[in-house]
Asker: 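My questions will all concern the structure given below.
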Amino acid sequence: MTCRRGALIVLEGVDRAGKTTQCKKLVEALQQCGQRAEMLRFPDRTTEIGQLINSYLEKKSDLEDHTIHLLFSANRWEQVPLIKEKLEQGVHLIVDRYAFSGVAFTSAKPGFSLDWCKFPDVGLPKPDLVLFLQLSPTEAARRGQFGAERYENTDFQKAVQECFQQLMSDCSVNWKVIDACKSVEDLHKEIKSHSEAVMDTAVCQPIGEL
Ligand code: DGP
Ligand code: NA
Ligand code: NA
């Protein structure tokens, strides 16, 4: 069918929910079924903007909170031509974090409204599906120590989780909440079946905008 574009599927969640592992497994599984699928991740630390973000996350530099928010958004915008090109070629894109992390992580800081945080990402390609890997703070703690990067502490992650909850009340986004406590394989099966469902339907419609 000539109308078929690729699906844009995003995995979101607090740190250590297993997003990266699941993105990789989904891409592999789709490829094994003969589909064209590729993984993207945000922040993309390889670009010039990504290197500024990386240095901020590793606490090698300090940036003002609005400034870093806009850099994270710019880091998504700089990939938009590639995202559109791939989708139009029929490649499914599986994305490790997107604008929702952008909004949740900044609005968890004091003095930032959800609306202000959302604005820079308005107009980005809209995902056909956003899978939210839900992880309780207790289960997160069981997964061991946080690393040394900025944001990797329990109190901040709780605030981020609350911001994600607010974002999930937006019905214009196709959210699916998944219990990330499950085994890697069970989680994978659930994610794959939700993904296949949107690949069968959403991809005959034009790419939307956030
Ligand atoms: P990761 O490479 O997936 O471990 O993500 C790096 C960290 O950056 C993680 O703590 C989440 C946070 N993060 C991801 N995207 C954004 C964003 O757009 N804005 C802000 N403020 N933080 C983000
Ligand atoms: Na991290
Ligand atoms: Na990750």
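Numbering of ligands and ligand atoms starts at 1, following listing order. Note that this is a predicted model, so its numbers are computed, not measured.
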Asker: Can you check whether Ser101 has an N/O within less than 3.5 Å of an N/O in ligand 1?
Answerer: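 No: no nitrogen or oxygen of Ser101 is under 3.5 Å from one in ligand 1.
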Asker: If you take the nearest heavy atom of each of Arg41, Arg16, Arg45, Glu12, which one is closest to atom 6 (C) of ligand 1?
Answerer: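 It is Arg45 that holds the nearest heavy atom.
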Asker: Any N or O of Asp15 that comes nearer than 3.5 Å to an N or O of ligand 1?
Answerer: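 Between Asp15 and ligand 1, an N or O pair is found under 3.5 Å apart.
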Asker: Would you mind listing which atoms of ligand 1 come within a distance below 4.0 Å of any non-hydrogen atom of Leu57?
Answerer: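 It comes down to these atoms of ligand 1: 6 (C), 7 (C), 8 (O).
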Asker: In this structure, does ligand 1 have an atom that sits under 4.0 Å from one of the heavy atoms of Arg97?
Answerer: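 The answer is yes: ligand 1 sits under 4.0 Å from a heavy atom of Arg97.
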Asker: Does a donor on one side chain and an acceptor on the other come within less than 3.5 Å for His92 and Gln35?
Answerer: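 Yes, side-chain donor-acceptor contact under 3.5 Å.
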Asker: Taking atom CZ of Arg142 as the centre, does the number of heavy atoms from other residues, nucleotides or ligands within less than 6.0 Å exceed 12?
Answerer: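 At most 12 heavy atoms, drawn from other residues, nucleotides or ligands, come within 6.0 Å of this atom.
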Asker: Side chain to side chain contact (heavy atoms under 4.5 Å, CB included), that's the test. Do Phe42 and Asp96 meet it? Break it down for me.
Answerer: CA-CA 6 Å; Phe42 293 108; Asp96 186 353; over 6 Å; no
Asker: Which of the atoms in ligand 1, numbered in the order shown and given with their element, are less than 4.0 Å from a heavy-atom of Gly102?
Answerer: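 In order of numbering, the contacting atoms are 17 (C), 18 (O), 19 (N).
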Asker: Compare Arg76, Arg150, Glu149 and give the one whose heavy atom is closest to atom 18 (O) of ligand 1.
Answerer: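 The option holding the nearest heavy atom is Arg76.
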Asker: Which of the numbered atoms in ligand 1 are under 4.0 angstrom from any heavy atom belonging to Pro43?
Answerer: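 It comes down to these atoms of ligand 1: 5 (O), 14 (C).
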Asker: Hey, would you say the Phe105 and His69 ring centroids sit under 6.0 Å apart?
Answerer: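 For Phe105 and His69, the ring centres are not under 6.0 Å apart.
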Asker: Starting from Leu131, can I reach Val177 by hopping between I/L/V/M/F/W/Y residues whose side chains sit under 4.5 Å apart?
Answerer: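 Per the 4.5 Å side-chain linkage, Val177 and Leu131 are not co-clustered.
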Asker: Please determine whether side chain to side chain contact (heavy atoms under 4.5 Å, CB included) holds for the pair Thr106 and Asp65, giving the CA-CA distance in whole Å, both sets of side-chain angles, and the decisive distance to 0.1 Å.
Answerer: CA-CA 8 Å; Thr106 300; Asp65 287 327; 5.6 Å; no
